[in-house]
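The block underneath contains the structure these notes are about, expressed in structure tokens.
Predicted, not measured: the structure shown is a model, and the values here were computed from it. By convention here, the first residue in the shown sequence is residue 1.
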Amino acid sequence: MGKIVNFPYNARAVARLDSDNIVHNHIYHNCPIGKVDNNIIYDNDNNAVGRVDENGIVHNHYIDYSPIGKVLENGFISRNNTLVGRIEGENALLSGAAYLLLVEGNR
């Protein structure tokens, strides 16, 4: 079963991380848009675009490894002190990180 990323305040799916760790974008419908491997997030051209650390902080490799958001323990995804999504399913860190880097970043 895939990991679903929803908008924070309703059940509308915005992204999905499937069982092969491929990221599917449900907002712009240009699927798939990337993948996750060993906590590193890749775009469709197999470029490493970011990573998630053990504290849930998501780092962007395009901007000097800068933190761009956090996957919270309660399953919510925060960016610039705003909730931008929430996770349903297992492995919230990977699906939240992929969402921030690939969907929110509109890659």
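- The OH atom of Y42 sits 9.0 Å away from the NE2 atom of H61 when rounded to the nearest 0.5 Å.
- Going from atom CD1 of I77 over to atom CG of L83 covers 9.5 Å, rounded to the nearest 0.5 Å.
- With contacts defined as side-chain heavy-atom distances shorter than 4.5 Å, the pair H59/I68 does not qualify.
- S78 and L72 get closest at one heavy-atom pair: CB-CD1, 4.2 Å.
- For D45, the side-chain contact (heavy atoms from CB on, under 4.5 Å) partners are D43, N47, not counting sequence neighbours.
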Please step through side-chain hydrogen bond (donor to acceptor under 3.5 Å, both in side chains) for the pair N46 and K35, ending with a clear verdict. CA-CA 8 Å; N46 216 27; K35 68 180 180 180; 3.1 Å; yes

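- Rounding to the nearest 0.5 Å places CG of N38 at 9.5 Å from CG of N21.
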Show, in sequence, the C-alpha distance, side-chain angles and deciding distance for V49 and N60, and conclude whether the side-chain contact (heavy atoms from CB on, under 4.5 Å) test is met. CA-CA 6 Å; V49 296; N60 186 339; 5.5 Å; no

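- Side-chain N or O atoms of N55 include none that pairs as donor or acceptor with a backbone N or O of I57 at under 3.5 Å.
- Scanning all heavy atoms of the two residues, the minimum distance from V52 to I41 falls at N-CD1, 4.2 Å.
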